[in-house]
Amino acid sequence: MGKQTRYYLGRVLKRGEMTAGRVIEAMRDPVTIEYRGTKYSFIDFEAFGAPGHETGFFAKIAKYKQQGAVGVVHEAKHASAEAEVPNLIDAASAFVYLPGFSGIAYRHIWNSFPSDQFERVFKELVETRHAKFFVGCDIEPVVDLRTFVARLSKLDRFTELRATVVPPNPLFGPCWKSLSEYLRQRRLKEATIQEVSDAGIETRLKEIAAAVLAEREANEMVALMEPLLNGVGDAALLMAADGYGRARVQGIENGRAVVIRTSENQKSFMLDVDPSPQILFEMTFDAFLKNSNERGLEHP
């Protein structure tokens, strides 16, 4: 087994006239963007599945300089030297996009191309490919729900819930179905929900956390959480945790104020630094299928 690295799971959220087809088009026929002398572009595009019925797409984001230098041996002088190399790759982050899940798994490269930088560059490459004309594209984290709720369960009381959510496509979660339908009926591209109470918000998050940690079945979880749709803050928090937005919870733990964010509890898996595209596709597909089954996510 070779050296391994971490791949994060996220949702590709599409706004305006953006579609999955346009995301794929940006990967297949990419533009190049430049920032402070460093260039970025999609490379090594590959599709999985029969033509017209593809289920996944592989590519890398290359981070490179127009002119770089590498160390070489100057044989005549038996000395080291530098040779100029055009378009020298500084880092290349592999990823797989699954339009059926609005899902993406992408490599985190410490120091040279971390996950938050990948998210910003991916957004810029996709939107620039379509001239930023009535299109928007963001990557939001899919949360490791067990880790997240384990952290929530330690709070003595919840003093603030804040979540920004967007209408999901193509999946929806039965636990926040009513909120999702509300967004669509109001034709909202996003909604921000904020609840604040110094005395402590009345919420079922503790009960939900206990059920998640006890590994209750998905249908049992739906039965537990459906009544909380009257509590829009809880529903928005769960919707954000499924990757359709971002959320933060503030509360009191042992007499001190703490803040817990969905972005700090992102799902991930370990795989080779330079895996075959097929293996990365299979790992990503399995991870999203398992996540959907655990959360009871469905197609409308």
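Along the sequence shown, residues carry numbers from 1.
- Going from atom CZ of F122 over to atom OG of S115 covers 14.0 Å, rounded to the nearest 0.5 Å.
- In this structure, I279 is a member of the same hydrophobic cluster as F281, with clusters built from ILVMFWY side-chain heavy atoms closer than 4.5 Å.
- Hydrophobic cluster membership of F133, counting Ile, Leu, Val, Met, Phe, Trp and Tyr whose side-chain heavy atoms lie under 4.5 Å apart directly or via other members: F134.
- P114 has its side chain within reach of H108: a pair of non-hydrogen atoms, C-beta onward, lies under 4.5 Å apart.
- Between L161 and I193 the shortest side-chain heavy-atom distance does not fall below 4.5 Å.
- Here the closest heavy-atom approach between residue H130 and residue V126 is recorded as CD2-O, 3.3 Å.
- Pairs of residues two or more places apart, or lying in two chains, that qualify as side-chain hydrogen bond (donor to acceptor under 3.5 Å, both in side chains) and include a residue from residues 246-257 are E140-R246, R151-E253, R248-Q250.
- Of all heavy-atom pairs between Q117 and Y40, the closest is NE2-OH, 3.0 Å.
- Here OG1 of T284 is found 12.5 Å from CG of L289. Values are rounded to the nearest 0.5 Å.
- Side-chain contact of T147 with N265: a donor-acceptor pair under 3.5 Å is absent, judged by distance alone.
- E190 and R15 are joined by a salt bridge, as a carboxylate oxygen and a charged side-chain nitrogen come within less than 4.0 angstrom of each other.
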task = Begin with the C-alpha distance, continue with both residues' side-chain angles, and end with the deciding distance and a verdict on side-chain contact (heavy atoms from CB on, under 4.5 Å) for I260 and F158.
result = CA-CA 11 Å; I260 304 167; F158 299 84; over 6 Å; no
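- Considering only heavy atoms from C-beta on, L179 stays 4.5 Å or farther from L238 through its side chain.
- Minimum heavy-atom separation, T128 to K132: OG1-CE, 3.6 Å.
- Atom CG in L280 sits 10.0 Å away from atom CG in D272 (nearest 0.5 Å).
- The shortest heavy-atom contact between R11 and I104 is N-CG2, 4.5 Å.
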Side-chain atoms of residues 53-60: list all donor-acceptor pairs with protein atoms under 3.5 Å, sequence neighbours left out, distances to 0.1 Å.
unit_1: E54; atom_1: OE1; unit_2: G52; atom_2: N; d: 3.2
unit_1: E54; atom_1: OE2; unit_2: G52; atom_2: N; d: 3.3

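- The hydrophobic cluster containing I89 does not contain V273, counting ILVMFWY residues as joined when their side-chain heavy atoms lie under 4.5 angstrom apart, directly or transitively.
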request  = Report the C-alpha distance between K123 and I139 in whole Å, list the side-chain angles of each, state the deciding distance to 0.1 Å, and finish with yes or no for side-chain contact (heavy atoms from CB on, under 4.5 Å).
outcome  = CA-CA 7 Å; K123 170 185 175 69; I139 295 177; over 6 Å; no
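- Closest approach of P167 and L183 over heavy atoms only: N-CD1, 3.9 Å.
- Here the side chain of R22 pairs no donor or acceptor atom with the backbone of E127 at under 3.5 angstrom.
- The list of salt bridge (charged side-chain N to carboxylate O under 4.0 Å, His left out) pairs with a residue in residues 27-36, not counting sequence neighbours, reads D29-R129.
- Residues forming a ring pair (Phe, Tyr, Trp, His ring centres under 6.0 Å) with Y7 (at least two apart in sequence, or on another chain): F269.
- Residues satisfying the salt bridge (Lys or Arg N to Asp or Glu O under 4.0 Å) test with R120, not counting sequence neighbours, are D116.
- Cluster annotation: Y64 is not connected to I61 through the hydrophobic network of ILVMFWY side chains, with a link wherever side-chain heavy atoms come within less than 4.5 Å.
- The two residues L9 and A105 come nearest to each other via the heavy atoms CD2-CB, 3.8 Å.
- Side-chain atoms of K63 do not come within 3.5 Å of backbone N or O of F113 as any donor-acceptor pair.
- The CD atom of E124 sits 11.0 Å away from atom SG of C137, with the distance rounded to the nearest 0.5 Å.
- With rounding to the nearest 0.5 Å, the separation of CZ in F45 from CD1 in I24 is 7.0 Å.
- Taking the six-membered ring for Trp and thresholds of 30 and 60 degrees, Y106 and F118 have nearly parallel ring planes, at less than 30 degrees apart.
- In the hydrophobic clustering of this structure, I43 does not group with I109; members are Ile, Leu, Val, Met, Phe, Trp, Tyr whose side-chain heavy atoms approach within less than 4.5 Å, directly or through other members.
- In terms of hydrophobic clustering, with Ile, Leu, Val, Met, Phe, Trp and Tyr side chains grouped at heavy-atom distances under 4.5 Å, V249 and I252 are assigned to different clusters.
- At most 12 non-hydrogen atoms from other residues, nucleotides or ligands lie less than 6.0 angstrom from OH of Y182.
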task = Give the C-alpha distance, both sets of side-chain angles, the deciding distance and a yes or no for side-chain contact (heavy atoms from CB on, under 4.5 Å) between S197 and R157.
result = CA-CA 10 Å; S197 172; R157 70 176 186 271; over 6 Å; no
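- For the atom pair NZ of K39 and NZ of K65, the computed distance is 12.0 Å after rounding to the nearest 0.5 Å.
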